[in-house]
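Right, one structure below, let's go through it.
Along the sequence shown, residues carry numbers from 1.
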Amino acid sequence: MAGAAPDTDRDPSGAAPATLPLRFAYHRAVAPLVWALVAVGLVEMTVTHLLVALWSHTAALALSVLTLGGLVWLVRALLAMKRRPVLLDRERLILQVGTIRRVDIPLQAIAGLRPSIEHAAMKRRSVLNLALLAYPNLVVDLVAPLPGRRGITTIAHRLDDPAAFAAAWKALGAGG
């Protein structure tokens, strides 16, 4: 447009600046398997209620209420996954999985990233698996263990677009 003021929000290369923190979804990769777990839980609750009701209606009702409470909590955590993405800015990386777990890591505390982890290594106490039932495609190695009894040195997660995360990581200069 002739006479229009130059766009001061753009850098000299012409690329639009990214709004920080950068957001990376994981719900499309993680949620389907957890929804399957909810479905299995509903079937299990029904069958258990019917079998236990043969013995005691009170016990069957109590078990059903406890199971239903757990399933409601799980559904709420699943719905929160879309609203709580993985966040990356110039100072920190926030890995989260709904309302279940959140880990805030300063970038200087990250030793490196890798795209996968061996199955046997996933079982180590020092590995925090935020991918839940899915297999991780982002592995964050830490310089020092996180505070706590487990001594977490590795965090695994499953992102919907790990290539976009890796590109953003490099663009922020965090990968070097």
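For the atom pair Leu93 CG and Leu138 CG, the distance stands at 7.5 Å (nearest 0.5 Å). Between the CG atom in Leu128 and the CZ atom in Arg101 there is a gap of 5.0 Å [rounded to 0.5 Å]. To the nearest 0.5 angstrom, Asn129 atom CG is 11.0 Å from Lys123 atom NZ. The CZ atom of Arg84 sits 14.5 Å away from the CG atom of Leu95 when rounded to the nearest 0.5 Å. Taking CG of Leu63 as the start and CG of Leu68 as the end, the distance is 12.5 Å to the nearest 0.5 Å.
Not a single donor-acceptor pair under 3.5 Å links the side chain of Asp141 to the backbone N or O of Ala111. A donor-acceptor pair under 3.5 Å links the side-chain atoms of Tyr135 to the main chain of Ile117, judged by distance alone. Under a 3.5 Å cut-off, the side chain of Gln96 and the backbone N or O of Pro85 do form a donor-acceptor pair.
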Quick one: do Trp73 and Ile100 satisfy side chain to side chain contact (heavy atoms under 4.5 Å, CB included)? Show the steps, please. CA-CA 10 Å; Trp73 174 83; Ile100 298 171; 3.9 Å; yes
Passes side chain to side chain contact (heavy atoms under 4.5 Å, CB included), Thr67 versus Thr48? Steps please. CA-CA 10 Å; Thr67 303; Thr48 302; over 6 Å; no
Could you go step by step and tell me if Val75 and Leu79 meet the side chain to side chain contact (heavy atoms under 4.5 Å, CB included) rule? CA-CA 6 Å; Val75 167; Leu79 295 174; 4.0 Å; yes
Do Arg23 and Leu87 pass the side chain to side chain contact (heavy atoms under 4.5 Å, CB included) test, and can you show the C-alpha distance, the side-chain angles, and the key distance before you say yes or no? CA-CA 5 Å; Arg23 304 165 66 86; Leu87 303 172; 3.7 Å; yes
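Of all the heavy atoms in Val127 and Arg150, the pair that sits closest is O-NH2, 2.6 Å. Across every non-hydrogen atom of Ala29 and Leu159, the tightest pair is CB-O, 4.3 Å. Looking at every heavy atom in both residues, Arg114 comes nearest to Thr154 through NH2-CG2, 3.8 Å. Contact detail for Asn137 and Arg158: the closest heavy-atom pair is OD1-CA, 3.3 Å. Annotation for Val143 and Gln108: closest pair CG2-O, 3.8 Å, computed over non-hydrogen atoms. Of all heavy-atom pairs between Leu142 and Ile152, the closest is CD1-O, 3.7 Å.
Classification of the Tyr26-His157 ring pair by plane angle, with boundaries at 30° and 60°, yields tilted.
When hydrophobic clusters are built by joining Ile, Leu, Val, Met, Phe, Trp and Tyr residues whose side-chain heavy atoms come closer than 4.5 Å, directly or via intermediates, Val140 is grouped together with Val103. Taken together through direct or relayed side-chain contacts under 4.5 Å among Ile, Leu, Val, Met, Phe, Trp and Tyr, Leu133 and Leu74 form part of one hydrophobic cluster. Leu51 and Val43 end up in the same hydrophobic cluster when Ile, Leu, Val, Met, Phe, Trp and Tyr side chains are linked at under 4.5 Å. The hydrophobic cluster containing Ile94 does not contain Leu130, counting ILVMFWY residues as joined when their side-chain heavy atoms lie under 4.5 angstrom apart, directly or transitively. Follow the hydrophobic side-chain contacts under 4.5 Å out from Met81 and you reach Trp35 in the same cluster.
At least one side-chain heavy atom of Leu107 sits less than 4.5 Å from a side-chain heavy atom of Ile110. Leu37 is not listed as a side-chain neighbour of Leu132, based on a closest heavy-atom distance of 4.5 Å or more.
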